[in-house]
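Report on the following structure.
This structure is a prediction, so every number in the text was calculated from the model and none was measured.
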Amino acid sequence: MTAKWSAADVPDQSGRVAIVTGATSGLGYDTAAVLADKRAHVVLAVRNLDKGQQAVDRIRSASPNADVTLQELDLSSLRSVRNAAGELRAAYPRIDLLINNAGVMYVPQRETTEDGFEMQFGTNHLGHFALTGLLLENLLPVGGSRVVTVSSVGHRLLARIHFEDPHLQRKYNRVEAYGQSKLANLLFTYELARRLKTKDAPTIAVAAHPGLSDTELMRHLPDLIPDLFWKIVAQPAEMGALPTLRAATDPGVQSGQYYGPDSIGETRGHPKLVASSAQSHNEDIQRRLWNMSEELTGVTFPV
């Protein structure tokens with residue numbers, strides 16, 4: 001391994017099945033492209049199949065032997081999540097990697113999912129919570145299988161779980177809503193890691209964040225952040241994908257860890273083990289969120 005971990009350090013993935021949500025562009029695309037180039041069978045789980053096919057074509061153009069397929073998935077719809085999970089379970093009795101990457105950020109006005117959830121909490125957390133729970137039985141028998149969930153430095157910004165009003169019906173603040181969803185990603189990861197360990201399962205749960213990366217996710221940035229400033233400070237998506245790739249493939253990764261860029265403030269750079277907020281490690285909050293997520297989605301886990 002090089003001193004600075006890079007895509008070149010991703011081990012050969014032959015024989016492994018990887019599902020990547022939100023893989024039409026940005027972090028998800030670059031994550032999927034590297035895994036495919038390393039010979040994994042990669043499933044791009046995407047909302048827009050036309051854009052998904054374009055992503056497949058781009059990956060195959062760069063890696064002619066890439067083994068890539070599409071799966072329709074809209075994380076803002078539990079109906080779609082259940083349909084996709086059913087098809088994936090049938091097609092892939094063995095799943096090695098589930099990479100919960102897709103997300104929305106800083107939605108300007110309060111919007112709701114098909115099921116009435118606040119859009120950022122519903123898509124970023126509840127959709128992935130349900131998908132993971134519905135696919136976990138296909139990961140559990142697989143030695144070395146991993147669930148990797150992408151969080152953000154935003155889990156520290158105005159972030160708390162609004163148990164009294166998780167869908168922010170009383171007062172909507174887009175930064176607060178995003179912070180809640182990204183904090184939820186970490187709380188979910190740590191609770192899942194503990195449950196898997198208690199069951200002596202071979203599967204591990206890991207989290208990652210991309211720092212400040214130049215992707216379509218940034219289209220709703222507040223006006224007070226000039227586009228030129230963002231272009232200067234943000235790193236390319238292929239660099240932002242590295243913490244996810246390390247969490248997914250580095251043999252030294254342990255369950256419950258969190259990876260992010262190595263620069264000051266974790267805004268850019270090569271991936272390393274990083275720390276998350278004290279709140280994200282609060283086991284009471286983790287359990288409360290888990291119970292609420294089961295109630296809201298109707299999905300229970302086999303661990």
Discussion item. Could you report the tightest heavy-atom contact between Val46 and Gly52, atom names first, then the distance?
Written reply: CG2-CA, 4.0 Å
Discussion item. Between Asn185 and Ser151, do the side chains contain a donor N or O and an acceptor N or O under 3.5 Å apart?
Written reply: no
Worksheet, complete the sentence: Rounding to 0.5 Å, atoms OG (Ser280) and NZ (Lys182) come to a distance of 13.5 Å
Worksheet item: Would you say the side chains of Thr112 and His167 form a donor-acceptor pair under 3.5 Å?
Response: no
Item to complete: Could you check Asp262 against Lys4 for side-chain contact (heavy atoms from CB on, under 4.5 Å), going step by step and ending with a plain yes or no?
Response: CA-CA 9 Å; Asp262 61 2; Lys4 293 283 191 178; 2.7 Å; yes
Worksheet item: Roughly how far, to the nearest 0.5 Å, is the CD atom of Gln54 from the CD1 atom of Ile59?
Response: 12.5 Å
Discussion item. Assess whether a salt bridge exists between Arg79 and Asp115, defined as any Lys/Arg side-chain N lying under 4.0 Å from an Asp/Glu carboxylate O.
Written reply: no
Worksheet item: Could you go step by step and tell me if Leu73 and Leu75 meet the side-chain contact (heavy atoms from CB on, under 4.5 Å) rule?
Response: CA-CA 6 Å; Leu73 169 66; Leu75 288 158; 4.0 Å; yes
Discussion item. Applying side-chain contact (heavy atoms from CB on, under 4.5 Å), can you list everything that pairs with Asp57, at least two apart in sequence or on another chain?
Written reply: Gln53
Worksheet, complete the sentence: All heavy atoms of Leu44 vs all of Ala32, minimum pair found to be CD1-CB, 4.0 Å
Discussion item. Between Leu97 and Leu70, is there shared hydrophobic-cluster membership here, with clusters defined by ILVMFWY side-chain heavy atoms closer than 4.5 Å?
Written reply: yes
Discussion item. Is the shortest side-chain heavy-atom distance between Met119 and Val104 below 4.5 Å?
Written reply: yes
Worksheet item: Using a distance-only test with no angle check, is there a side-chain donor-acceptor pair under 3.5 angstrom linking Ser80 and Asp74?
Response: no
Item to complete: Look only at the side chain of Arg89 and the backbone of Leu134, and say whether a donor-acceptor pair between them is shorter than 3.5 Å.
Response: yes
Worksheet item: Does any pair with a residue in residues 72-95 pass ring pair (Phe, Tyr, Trp, His ring centres under 6.0 Å), and if so which ones, sequence neighbours excluded?
Response: His41-Tyr92
Worksheet item: With sequence neighbours left out, which residue pairs that include part of residues 282-303 fulfil the ring pair (Phe, Tyr, Trp, His ring centres under 6.0 Å) condition?
Response: Phe129-Trp290, Phe129-Phe301, Phe188-Trp290, Trp290-Phe301
Worksheet item: Is a side-chain N or O of Asn124 found less than 3.5 angstrom from the main chain of Ser181, in a donor-acceptor match?
Response: no
Could you pull out every donor-acceptor pair under 3.5 Å between side chains of residues 140-149 and any protein atom, sequence neighbours left out?
from: Ser145; atom 1: OG; to: Leu139; atom 2: O; distance (Å): 2.9
from: Ser145; atom 1: OG; to: Val142; atom 2: O; distance (Å): 3.0
from: Ser145; atom 1: OG; to: Thr203; atom 2: OG1; distance (Å): 2.6
from: Arg146; atom 1: NH1; to: Ala247; atom 2: O; distance (Å): 2.9
from: Arg146; atom 1: NH1; to: Ala248; atom 2: O; distance (Å): 3.4
from: Arg146; atom 1: NH1; to: Asp250; atom 2: O; distance (Å): 3.1
from: Arg146; atom 1: NH2; to: Asp250; atom 2: O; distance (Å): 2.8
from: Thr149; atom 1: OG1; to: Asn100; atom 2: ND2; distance (Å): 3.2

Worksheet, complete the sentence: For Leu27 and Ala241, the nearest pair of non-hydrogen atoms, with its separation, is CD2-N, 3.7 Å
Fill in: Least distance between heavy atoms, Leu131 atom then Ala85 atom
CD1-CB, 4.4 Å
Worksheet item: Salt-bridged, Arg16 to Asp96, with N to O below 4.0 Å?
Response: yes
Item to complete: Would you give the length of the straight line joining atom CG of Asp30 to atom CG of Leu245, rounded to the nearest 0.5 angstrom?
Response: 8.5 Å
Discussion item. Please determine whether side-chain contact (heavy atoms from CB on, under 4.5 Å) holds for the pair Phe121 and Leu168, giving the CA-CA distance in whole Å, both sets of side-chain angles, and the decisive distance to 0.1 Å.
Written reply: CA-CA 10 Å; Phe121 186 62; Leu168 305 180; over 6 Å; no
Worksheet entry | Pairwise distance OG1(Thr189) to CD(Gln286) - rounded to 0.5 angstrom | 9.5 Å
Fill in: Side chain proximity check, Met239 to Arg268, heavy atoms < 4.5 angstrom
no
Worksheet item: Considering all heavy atoms of both residues, which atom of Arg160 and which atom of Leu183 are nearest to each other, and what is their separation?
Response: CA-CD2, 3.7 Å
Item to complete: Could you tell me whether the side chain of His125 and the main chain of Gly122 form a donor-acceptor pair under 3.5 Å?
Response: no
Worksheet item: Does the side chain of Ile99 reach to within under 4.5 Å of the side chain of Thr21, using non-hydrogen atoms?
Response: no
Practice prompt. Please examine the side chains of Val107 and Tyr178, heavy atoms only from C-beta on, and report whether any two atoms are closer than 4.5 Å.
Written response: no
Item to complete: Determine the minimum heavy-atom distance between Pro210 and Gln235, stating which atoms define it.
Response: O-NE2, 3.0 Å
Worksheet entry | Gap between atom CD1 of Ile19 and atom CG of Leu98 - 0.5 Å precision | 6.0 Å
Practice prompt. Find out if a path of hydrophobic residues (ILVMFWY) with successive side-chain heavy-atom gaps under 4.5 Å connects Leu126 to Phe163.
Written response: yes
Discussion item. Using side-chain heavy atoms (C-beta onward) and a distance below 4.5 Å, is Tyr29 in contact with Arg58?
Written reply: yes
Discussion item. What verdict does the side-chain contact (heavy atoms from CB on, under 4.5 Å) test give for Ser293 and Leu296, after you've listed the backbone C-alpha separation in whole Å, the side-chain angles of each residue and the deciding distance to 0.1 Å?
Written reply: CA-CA 5 Å; Ser293 300; Leu296 290 172; 5.8 Å; no
Worksheet item: Under 4.5 Å between any side-chain heavy atoms of His270 and Pro261, yes or no?
Response: no
Item to complete: Please determine, by modelled atom types, if Thr267 and Ser263 share a side-chain donor-acceptor pair under 3.5 angstrom.
Response: yes
Worksheet item: Does a donor on one side chain and an acceptor on the other come within less than 3.5 Å for Glu114 and Ser77?
Response: yes
Fill in: Gln180 and Gln120 side chains, donor-acceptor separation under 3.5 Å
no
Practice prompt. With sequence neighbours left out, write down each residue that passes side chain to side chain donor-acceptor pair (under 3.5 Å) with Thr123, or none if nothing qualifies.
Written response: none
Practice prompt. Would you kindly say whether Glu176 and His162 are connected by a side-chain donor-acceptor distance under 3.5 Å?
Written response: yes
Worksheet item: When hydrophobic residues are tied together by side-chain contacts of less than 4.5 Å, even through go-betweens, does Val56 share a cluster with Val20?
Response: yes
Worksheet entry | pair Val206-Tyr258: side-chain heavy atoms closer than 4.5 Å | no
Discussion item. Applying ring pair (Phe, Tyr, Trp, His ring centres under 6.0 Å), can you list everything that pairs with His281, at least two apart in sequence or on another chain?
Written reply: Tyr190
Discussion item. Could you check whether atom CZ of Arg194 has more than 12 heavy atoms from other residues, nucleotides or ligands sitting under 6.0 Å from it?
Written reply: yes
Item to complete: May I ask you to test the His209-Val153 pair for a side-chain heavy-atom distance under 4.5 Å?
Response: yes
Worksheet item: So, Gln257 side chain and Gln254 main chain: donor-acceptor pair closer than 3.5 Å or not?
Response: yes
Fill in: Polar side-chain atom of Thr297 near backbone of Val299 as donor-acceptor pair, under 3.5 Å
yes
Fill in: Single-linkage hydrophobic cluster Val43~Leu136, side-chain heavy atoms < 4.5 angstrom
yes
Discussion item. Rounded to the nearest 0.5 Å, what separates atom CG in Leu187 from atom CZ in Arg287?
Written reply: 11.5 Å
Fill in: Electrostatic pair Asp12:Lys38 at N-O distance under 4.0 angstrom
no
Worksheet entry | Linked, directly or transitively: Leu88 and Val81 (ILVMFWY side chains, under 4.5 Å) | yes
